[in-house]
Amino acid sequence: MYGAQESRRNITFDHQSHVANYRPSIYTRRANITVKFQDIYEFTVEGNVDDVNVLNEVRERVRQQGRIWWALEASKGANWYLKTQASSTLKGSLRFSAMVNAVTLRRLIRKGIPPVWRPKVWLGLSGAEKKKSTVPDSYYSDLIKATAGQVTAATKQIDHDLPRTFPGHPWLDTPTGHAALRRVLVVYSFRDSYVGYCQGLNYVAALLLLVMKTEEDAFWMLAVLLENVLVNDCYTYNLTGCHVEQRVFKDLLAKKLPRLAAHLEDLEFNVSLVATEWFLCLFSKSLPSEMKEDELLLTQHVGDVIYILQKTTHHLFDPDELLEVAFDKIGSMTTNTISKERKKMEPAVMAELDERLRRLNSPRAEAS
């Protein structure tokens, strides 16, 4: 079932040939017409004519960015983006070149890595390529063979979640797509039995399958995310890391948007109702563009809050809009700041989870 063609499915997309430009008639009533179209990863998108125009503009900017990446590859050499560490052992000219590369790379990443470059750049910059190089070339295929036919609690849950992962997608929601996604998730569940499988990973792995060139590269990207990039224990049985992220998010919300945080508290609205999915799925199902503070402050019921948040997360078509919110409107929020917030929240989260476990194991709970 898993031949070389399936396990190394090349899905590099060419924007100019794969996605057509839409030229709506000038007589069209923009506000009253809804159109459906596919994005570069073959997801069906629904929007109005203005949304289509925005996407066409975004595609043109992506093409321009792609030309910049190709030009840099030609002038700086292959894998130039990996040569960004200005080590003191380097000679003066090489150290300066590394510093220039680092500045250039940061600027380009903030403008978005063109999809055709993502498989190569993600694999290199994330550390997945390095992690992959530490094991035999046959590691992934050997694990597929070793786990074939194995039945565990994780494999049962994976099989349950496969048809619910991006239903309707022309490749993921097919026997071939299900088989590839199952292999990635099952193999990782055996690689790290402590994590095993957690709902949410199916969406992360599915998106990686669409972005990366091969199934095996998608597996290694998943591995480096869970083992090196994300907060510890985000996908373990008690979701400790996810609880920490929720506390950090709630604290930052109160600092950055105090009026909104107070209003949501008055409504007794728990932000984890919507934010848990954001963190567990790594925003692969929905991407909040901004908190729509003015609209949310007018809400009177929890249902209204959920409706507004869900509506705004499904209608973000311009990545520059998201980046503007992240870097200009929200203000400075470095990785170091978030790491400090996590460390501050961890003791309270662990105490809360321990107390919950103690209550569950108490004689009264057992008697009931």
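We count residues from 1, following the sequence as given.
In the displayed structure, Glu355 atom CD is contacted under 6.0 Å by more than 12 heavy atoms of other residues, nucleotides or ligands. Around atom CD of Gln64, more than 12 heavy atoms belonging to other residues, nucleotides or ligands sit under 6.0 Å away. For CG of Asp137, the number of neighbouring non-hydrogen atoms (other residues, nucleotides, ligands) closer than 6.0 Å is 12 at most.
For Cys281 against Ser284, the heavy-atom pair with the smallest separation is O-OG, 2.6 Å. Between Gln65 and Gly112, the shortest heavy-atom distance links the atoms NE2-O, 4.0 Å. Looking at every heavy atom in both residues, Leu267 comes nearest to Val302 through O-CG2, 3.5 Å. The two atoms that bring Ala261 and Ala254 nearest to each other are CB-CA, 3.7 Å, heavy atoms only. The two residues Cys234 and Leu239 come nearest to each other via the heavy atoms O-CD2, 3.5 Å. Of all heavy-atom pairs spanning Ala205 and Val184, the tightest one is CB-CG1, 4.2 Å.
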* Take Glu245 and Arg342, measure what side-chain contact (heavy atoms from CB on, under 4.5 Å) needs, and give me the verdict at the end. => CA-CA 7 Å; Glu245 298 289 66; Arg342 285 169 176 161; 2.8 Å; yes
* **Pair Asp233-Val195, side-chain contact (heavy atoms from CB on, under 4.5 Å): steps then yes or no** => CA-CA 8 Å; Asp233 298 332; Val195 170; over 6 Å; no
* Asked: Can you check side-chain contact (heavy atoms from CB on, under 4.5 Å) on Tyr41 and Trp171, steps first, answer last?
  -> CA-CA 10 Å; Tyr41 295 119; Trp171 182 72; over 6 Å; no
* Check the pair Leu181 / Leu162 against side-chain contact (heavy atoms from CB on, under 4.5 Å), numbers first and verdict last. => CA-CA 8 Å; Leu181 179 57; Leu162 288 176; 3.7 Å; yes
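Using a 4.5 Å cut-off between side-chain heavy atoms of Ile, Leu, Val, Met, Phe, Trp and Tyr, with links allowed through other members, Leu253 and Val231 fall into different hydrophobic clusters. Linking ILVMFWY side-chain heavy atoms closer than 4.5 Å, directly or via other members, places Met350 and Phe279 in two distinct hydrophobic clusters. One hydrophobic cluster holds both Val121 and Val116 under the rule that ILVMFWY side chains link at heavy-atom gaps under 4.5 Å.
Between the side chain of Thr147 and the main chain of Gln150, no donor-acceptor pair closer than 3.5 Å is present. At distances below 3.5 Å, at least one donor-acceptor pair connects side-chain atoms of Thr165 with backbone N or O atoms of Asp161. Looking at Ser141, its side chain does come within 3.5 Å of a backbone N or O of Ser138 through a donor-acceptor pair. His301 places no side-chain N or O within 3.5 Å of a backbone atom of Gly303 that could act as its donor or acceptor partner. A side-chain donor-acceptor contact under 3.5 Å links Asn101 to the backbone of Lys83. Looking at Thr174, its side chain does come within 3.5 Å of a backbone N or O of Gly177 through a donor-acceptor pair. Of the possible donor and acceptor atoms, one in the side chain of His263 sits under 3.5 Å from a partner among the backbone N and O of Thr299. Side chain of Thr152 to main chain of Ala154: a donor-acceptor pair is present (N/O by atom type, distance under 3.5 Å, no hydrogens or angles).
In this structure, the side chains of Leu280 and Cys242 come closer than 4.5 Å at one or more pairs of heavy atoms. Residues Leu297 and Arg259 form a side-chain contact, since some pair of their non-hydrogen atoms from C-beta on lies under 4.5 Å apart. With contacts defined as side-chain heavy-atom distances shorter than 4.5 Å, the pair Leu296/Val305 qualifies. You'll find the side chain of Lys344 reaches within 4.5 Å of the side chain of Asp251, heavy atoms only. Taking the side chain as every heavy atom from C-beta outward, Leu210 and Glu42 never approach each other to under 4.5 Å. You'll find the side chain of Tyr188 reaches within 4.5 Å of the side chain of Asp192, heavy atoms only. The closest side-chain heavy-atom distance from Ser126 to Lys131 is not below 4.5 Å. A heavy-atom distance below 4.5 Å is not found between the side chains of Phe190 and Tyr197.
Glu341 and Arg247 are not joined by a salt bridge, as no carboxylate oxygen comes within less than 4.0 angstrom of a charged side-chain nitrogen. With salt bridges taken as basic N to acidic carboxylate O contacts below 4.0 Å, none links Lys343 and Glu346. Using a cutoff of 4.0 Å between basic side-chain nitrogens and carboxylate oxygens, Lys120 and Glu73 are scored as salt-bridged. With respect to the salt-bridge test (charged N to carboxylate O, under 4.0 angstrom), the residues Arg67 and Glu60 qualify. Electrostatic pairing of Asp159 and Lys156 does not count as a salt bridge here, judged by no charged N lying under 4.0 Å from a carboxylate O.
Under 3.5 Å, the side chains of Asn238 and Thr240 contain a donor-acceptor pair of N or O atoms. In summary, the side chains of Glu57 and Asn53 do not present any donor paired with an acceptor at a separation below 3.5 Å, with no hydrogens or angles considered. For Asp173 and His178, the side-chain atoms include at least one donor-acceptor pair closer than 3.5 Å. There is no side-chain donor-acceptor pair under 3.5 Å between Tyr235 and Gln199. With 3.5 Å as the limit, one finds no donor-acceptor pair spanning the side chains of Asn270 and Lys250.
The only member of Val244, Asp354, Val248 that meets side-chain contact (heavy atoms from CB on, under 4.5 Å) when paired with Val349 is Val244. Tyr139 pairs in a side chain to side chain donor-acceptor pair (under 3.5 Å) with only one of the listed residues (Arg191, Lys132, Glu216), which is Arg191.
One finds the CG atom of Leu125 at 13.5 Å from the CZ atom of Arg118 (value rounded to the nearest 0.5 Å). We find the CE-CG distance between Met212 and Leu222 to be 11.5 Å, quoted to the nearest 0.5 Å. Between the CG atom of Leu298 and the CG atom of Asp304 there is a distance of 10.0 Å, given to the nearest 0.5 Å. Distance check: Asp217 CG to Leu208 CG gives 10.5 Å after rounding to the nearest 0.5 Å. Interatomic distance, Leu209 CG to Glu215 CD, rounded to the nearest 0.5 Å: 6.5 Å. To the nearest 0.5 angstrom, Phe43 atom CZ is 4.5 Å from Phe166 atom CZ.
Ring geometry, Trp117 versus Tyr81: the interplanar angle exceeds 60°, so the pair is classed perpendicular (tilted spans 30 to 60°). A tilted orientation is assigned to the rings of Tyr140 and Phe219, their planes being inclined by 30° to 60°.
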